[in-house]
Enquirer: 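Input: one structure, supplied below.
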Amino acid sequence: MAQIVVYGHRRTINLKRTALTRAIHGAIMVALEYPADKCFHRFIALDDEDFVHPEDRGSDYTIIEISMFEGRSEDAKRTLIEELFHRIGVEAGIAPHSVEITITETPKVNWGIRGVNAADLALNYKIEI
């Protein structure tokens with residue numbers, strides 16, 4: 001399970017939401033071997049005065065926060081970050097310098113999904129990759 005929250009300037013999110021979704025989900029599918037139908041993205045479009053950051057990041061500055069079950073290898077997480085930078089650059093036209101990514105992992109027991117504790121949930125994809 002991975003939940004993605006994307007923060008950006010309102011105009012950037014509005015213009016690039018579809019490309020960002022395509023890029024992010026493509027990276028998740030490759031790096032984490034995620035099924036195509038498991039896409040969980042939330043976009044937070046901020047007004048300029050609510051999104052303070054160094055000027056050199058530009059108006060396309062984007063923060064991506066990924067919450068997921070623990071269990072992925074360091075290699076899988078490195079691949080995910082590399083794929084995200086590459087795909088977001090190519091598909092959304094946002095330079096790596098203007099993207100920041102964080103991954104937060106928690107035990108499945110800390111998640112509730114589809115009415116059950118995730119520790120008791122049967123998944124159709126691997127976590128330990």
Side-chain angles (χ1 to χ4, degrees):
M1 184 68 178
Q3 294 280 346
I4 316 298
V5 179
V6 180
Y7 299 88
H9 289 276
R10 185 169 309 284
R11 66 186 168 279
T12 299
I13 294 295
N14 289 341
L15 289 171
K16 300 184 179 198
R17 182 185 334 258
T18 301
L20 282 165
T21 289
R22 190 171 43 250
I24 293 166
H25 195 55
I28 294 280
M29 288 189 302
V30 167
L32 303 183
E33 300 178 16
Y34 226 60
D37 65 331
K38 301 293 183 191
C39 184
F40 301 96
H41 299 173
R42 309 297 177 267
F43 289 88
I44 310 296
L46 298 164
D47 293 326
D48 291 346
E49 62 270 13
D50 295 325
F51 196 29
V52 179
H53 57 79
E55 286 185 29
D56 70 334
R57 299 306 192 272
S59 62
D60 282 345
Y61 180 60
T62 304
I63 298 172
I64 300 169
E65 295 179 347
I66 303 168
S67 298
M68 62 185 188
F69 297 157
E70 65 184 356
R72 275 67 176 218
S73 68
E74 186 176 301
D75 285 343
K77 291 180 273 189
R78 286 178 174 275
T79 298
L80 175 57
I81 290 171
E82 288 173 19
E83 285 284 327
L84 285 165
F85 282 132
H86 173 74
R87 289 170 181 265
I88 289 169
V90 170
E91 297 182 37
I94 300 174
H97 179 74
S98 295
V99 177
E100 292 189 14
I101 301 161
T102 58
I103 298 172
T104 303
E105 296 178 290
T106 59
K108 288 195 295 184
V109 73
N110 290 359
W111 293 64
I113 301 169
R114 298 189 301 251
V116 299
N117 188 283
D120 304 321
L121 187 66
L123 301 172
N124 64 345
Y125 54 94
K126 298 182 294 183
I127 302 297
E128 291 79 21
I129 57 167

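Just so you know, these numbers come straight off a predicted model, no measurement behind them.
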Enquirer: Among all residues two or more places apart in sequence or in another chain, which pass the side-chain hydrogen bond (donor to acceptor under 3.5 Å, both in side chains) test with Asp47?
Expert: Arg10
Enquirer: Between Ala92 and Ala19, what is the shortest heavy-atom contact and its length?
Expert: CA-CB, 3.8 Å
Enquirer: Between Val109 and Asn117, which heavy-atom pair has the shortest distance, and what is it?
Expert: O-ND2, 3.0 Å
Enquirer: Under the criterion side-chain contact (heavy atoms from CB on, under 4.5 Å), I'd like the reasoning laid out for Ile24 against Val6: C-alpha separation, chi angles, the key distance, then a yes or no.
Expert: CA-CA 10 Å; Ile24 293 166; Val6 180; 3.6 Å; yes
Enquirer: In chain order, what residues pass the salt bridge (Lys or Arg N to Asp or Glu O under 4.0 Å) check against Lys108, with sequence neighbours excluded?
Expert: none
Enquirer: Taking only residues two or more places apart in sequence, or in another chain, which ones meet Tyr7 in a ring pair (Phe, Tyr, Trp, His ring centres under 6.0 Å)?
Expert: none
Enquirer: Which residues pass the side chain to side chain contact (heavy atoms under 4.5 Å, CB included) test with Glu91, not counting sequence neighbours?
Expert: Arg22, Ala23, Arg87
Enquirer: side-chain contact (heavy atoms from CB on, under 4.5 Å), that's the test. Do Leu20 and His41 meet it? Break it down for me.
Expert: CA-CA 10 Å; Leu20 282 165; His41 299 173; over 6 Å; no
Enquirer: If the condition is side-chain hydrogen bond (donor to acceptor under 3.5 Å, both in side chains), which residues does Arg114 pass it with, not counting sequence neighbours?
Expert: none
Enquirer: Could you check if a side-chain atom of Lys16 sits within less than 4.5 angstrom of a side-chain atom of Asp60, using non-hydrogen atoms only?
Expert: yes
Enquirer: Can you list everything that forms a salt bridge (Lys or Arg N to Asp or Glu O under 4.0 Å) with Glu100? Sequence neighbours excluded, please.
Expert: Arg57
Enquirer: Tell me whether Ile28 is reachable from Phe40 by hopping between hydrophobic residues (I, L, V, M, F, W, Y) whose side-chain heavy atoms are closer than 4.5 Å.
Expert: yes
Enquirer: Can you get from Ile4 to Met29 by hopping between Ile, Leu, Val, Met, Phe, Trp and Tyr side chains that sit under 4.5 Å apart?
Expert: yes
Enquirer: Can you list the residues that meet the salt bridge (Lys or Arg N to Asp or Glu O under 4.0 Å) rule with Asp48, with sequence neighbours excluded?
Expert: Arg11
Enquirer: Listing request: all ring-ring contact (aromatic ring centres under 6.0 Å, His included) pairs with a residue in residues 84-116, at least two apart in sequence or in separate chains.
Expert: Phe69-Trp111
Enquirer: Looking only at atom types and distance, does a side-chain atom of Thr12 sit under 3.5 Å from a main-chain N or O of Ser59, one as donor and one as acceptor?
Expert: yes
Enquirer: Grab the two heavy atoms, one from Ala36 and one from His25, that are nearest each other, plus how far apart they are.
Expert: O-NE2, 2.9 Å
Enquirer: For Ala31, what residues pass the side chain to side chain contact (heavy atoms under 4.5 Å, CB included) criterion, not counting sequence neighbours?
Expert: Thr79, Leu80
Enquirer: What residues, two or more places apart in sequence or in another chain, satisfy ring pair (Phe, Tyr, Trp, His ring centres under 6.0 Å) together with His9?
Expert: Phe51, His53
Enquirer: Side chains of Met68 and Lys77: does their closest heavy-atom pair fall under 4.5 Å?
Expert: yes
Enquirer: Who passes salt bridge (Lys or Arg N to Asp or Glu O under 4.0 Å) against Glu70, sequence neighbours left out?
Expert: none
Enquirer: For Val116, which residues count as a side chain to side chain contact (heavy atoms under 4.5 Å, CB included) partner, sequence neighbours excluded?
Expert: Leu121
